[in-house]
Amino acid sequence: MASRCAGLLLLGLLVVSMARGGDTDAARDALRAAECWCRALDDADPMFRCEAAAELGRLGAAFTTAIPCLVRALGDPTDLVRRSAATTAGEVGPAAEPCVELLIGLLERGPDRTAEAAATALGKIGARSDVVVPALVRASTLERLQYPCIQSLGKFGPRAASAVPRLVEALNSKRFGLPREAADCLGQIGPAAKESMPALSKLLASSDWPLKLAAAEALLRIGAPRPLVVPTLLAAIGDSDGNLEKRAYNTLVQHGNEGAALDELKAASKAPDAALRRTAARGLGRLAARSDQAVDALVAMLKEPDWWVRLEAIEWLTRIGPRAAPAAPMLAALAAQKGQDQEDAAIALFCTGVEIGRSVGPVLEQLKHPRHDRRQQALRAFGSLEARARLWEAAVSARLDDPVPEARAEAFEALVRINPNSSRILPTLVKELDGYASSLYVEAISRFGKEVPGLLPALAKSLKGRISSAPAATILARLDVPAASVRDALRGLTYDEAMHVAGCFQKQGACESAAAVVEGFRRDKDARVRAGVAGMLGSLGPKAVGATGILIELAGDANEDVRWQAVEALRTFAPTPEIVDAVRSSLTASGWFLRQHTALVLGKMGSLAVRAKAHLEKAAQSDENYAVRREATRALHRMSYW
């Protein structure tokens, strides 16, 4: 039976390949890999069968014709293999519909981790809602399966309408997060979940803000009247939690349209409650980024009698900048009056760019304000005008000596925006890189780094002789400097410094530069250093252009620790004849652990691994260590088709 399945599978795979017209090496490799992993499902070792089931899911489209193998794995006597097969079925998606009945069987056999995997897979497959939805509803009464079942029910959308009573019941659960999941699921079901509206409406009075927002969003998706939900969303926009505010605003705008949201915010801006008017100003400020009507509404709020509401409108007009030009006359009037918002209005007026010369006086005064937040506000205003603020560069530069670190960083960013050629930039940057506000300097210089002359030598100098300056390495990685230039600039680093810098480069995605920094240590006398170079190159992977040759060289090192690291690193690169030959040489190493690992790596190198087939056969038959013989046998099993 197994051989018949394999034959049918191979025929199906070849037909698919011909139908696509993609008789390429890559396509054939994928199809052959599917065949090999299907055969591995008959292996006596349950861990190997588990691995085979997982590997089938990683093959993607090439696996869809091998569903009979997955069906077989779902009936495996070992629970771990069944769980791996269930996860794979979910990764395959709708094409795994033949697995649905078996997955339902695993679900109803629970509750355990395999049942959880089956519940998740049923949602990802999204087929046979007539039998899957009732099964998920039944299983959702079991505590361990509540979350995955409810999440999967949401994937069926309107087809899960029969689950609404169970989801309404879950809305009243005391289990943390479950009511929120149920509300999200009801929203995905949409208008077919109308009977849940009373229960969802009650949640709008909850003290749990994430739950209130989930209920509000679900109500809008179901089709509840917007007046029922909008007060909750407006209250959330006025909340101090930035994440809640953003989610509430997005819900208000997305479910319906921007026009409706604009009308609701404008109406709220005229409400008797001052707190609600301030919330409206915040919402209009967010909307003003792409709506002139929202800008006009904010301008109208400058006539507000309540100072806090006016201040909110002024702050958003300041952020809008030149687009807030229609507000200039009213801002000028507020700036000329002695009041609580005089200073803020002056800064907002300056940021509009209208009559800069006449409005700059109060902003210059703010640079000397005793409160550092006021000084920072003025510095942001100068920075927003960029080159147009060049006349006041000296005043901004003076704040580089501010006693407050954040204010100094704000002055630095403003200076970089105003004049990247300023002679004060590099000395200040190098001095502040290891300071309390160093991340602010990194963000400032990263946006304008290429325009700052002499930045590369300054950063290179700051890195030599110490390994603490992660900010300098981060900036250098973000500059997109050619790898050769990075290598030349950083000559003279110690091994520890080079590894530190390479790690920073890796985090920023500058893998080629990271490889260039460490490659000079590949022939170091210390085996620990050579092994570290191999490990770093392996973690960088294929993005480290030119690393392959270095790793092939290290794979022939006299030290077996170095060779192990090189073999493991080469595993991350696309196989070539040179790579296979370099790895194969370690099958004769003296250490059994290196021989075992070499066999494992060769077994995952695809069709090119046949170059090592004779060596693997010898290891499988006569190696003195059982672990090596077993791994060599597995490798041969994987490449058995070739």
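Note that these values count all heavy atoms, side chains included, but never hydrogens, waters or copies made by symmetry. Remember, it's a predicted structure, so these values are computed and weren't measured experimentally. This chain uses plain numbering: 1 for the first residue, then up along the sequence.
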Heavy-atom side-chain proximity of Phe593 to Asn625 below 4.5 angstrom: no
Which value, rounded to the nearest 0.5 Å, describes the distance between Arg611 atom CZ and Ile579 atom CD1? 11.5 Å
More than 12 non-hydrogen atoms from neighbouring residues, nucleotides or ligands closer than 6.0 Å to CZ on Arg113, yes or no? no
Between Leu103 and Leu107, does the side-chain contact (heavy atoms from CB on, under 4.5 Å) criterion hold? Intermediate values first, please. CA-CA 6 Å; Leu103 288 169; Leu107 177 67; over 6 Å; no
Pair Arg49-Thr78, side-chain donor/acceptor within less than 3.5 Å: yes
Any Lys/Arg nitrogen of Glu519 or Arg487 sitting under 4.0 Å from an Asp/Glu carboxylate oxygen of the other? yes
Sorted by chain and residue number, the side chain to side chain donor-acceptor pair (under 3.5 Å) partners of Glu451 (sequence neighbours excluded) come out as none
Return yes when atom NZ of Lys431 has more than 12 non-hydrogen atoms of other residues, nucleotides or ligands closer than 6.0 Å, and no otherwise. yes
Residues Arg82, Asp79; criterion side-chain contact (heavy atoms from CB on, under 4.5 Å); working and verdict: CA-CA 5 Å; Arg82 295 195 297 270; Asp79 184 64; 3.2 Å; yes
Applying side-chain hydrogen bond (donor to acceptor under 3.5 Å, both in side chains) as the test, list every pair that has at least one member in residues 507-517; sequence neighbours left out. Arg478-Gln508
Verdict with supporting geometry, Glu432 and Ser438, side-chain hydrogen bond (donor to acceptor under 3.5 Å, both in side chains): CA-CA 6 Å; Glu432 298 279 1; Ser438 60; over 6 Å; no
Which ring-ring contact (aromatic ring centres under 6.0 Å, His included) pairs, counting each pair once, include a residue from residues 508-538, with sequence neighbours left out? Tyr495-Phe521
Apply side chain to side chain donor-acceptor pair (under 3.5 Å) to Glu631 and list each qualifying residue two or more places apart in sequence or on a separate chain. none
Sole candidate of Lys618, Arg629, Arg595 that passes side chain to side chain donor-acceptor pair (under 3.5 Å) when paired with Asp623: Arg595
Applied to residues 115-124, the salt bridge (Lys or Arg N to Asp or Glu O under 4.0 Å) test, sequence neighbours excluded, yields Glu116-Arg144
Can you list every pair that meets side-chain hydrogen bond (donor to acceptor under 3.5 Å, both in side chains) and has a residue in residues 524-535, with sequence neighbours left out? Arg530-Asp557
Assess whether side-chain contact (heavy atoms from CB on, under 4.5 Å) is satisfied between Gln146 and Leu142, documenting all intermediate values. CA-CA 6 Å; Gln146 287 176 334; Leu142 301 173; over 6 Å; no
Would you indicate whether the side-chain heavy atoms of Arg584 and Thr598 approach each other to under 4.5 Å? no
Is there a donor in the side chain of Gln151 and an acceptor in the side chain of Thr120, or the other way round, less than 3.5 Å apart? no
Supply the atom-to-atom distance Ser446 OG to Tyr441 OH, rounded to the nearest 0.5 angstrom. 14.0 Å
Measuring from Thr588:OG1 to Leu594:CG, what's the distance to the nearest 0.5 Å? 9.0 Å
Sidechain N-carboxylate O distance under 4.0 Å for Asp184, Arg180: no
So how far is it from Glu413 CD to Phe448 CZ, rounded to the nearest 0.5 Å? 7.0 Å
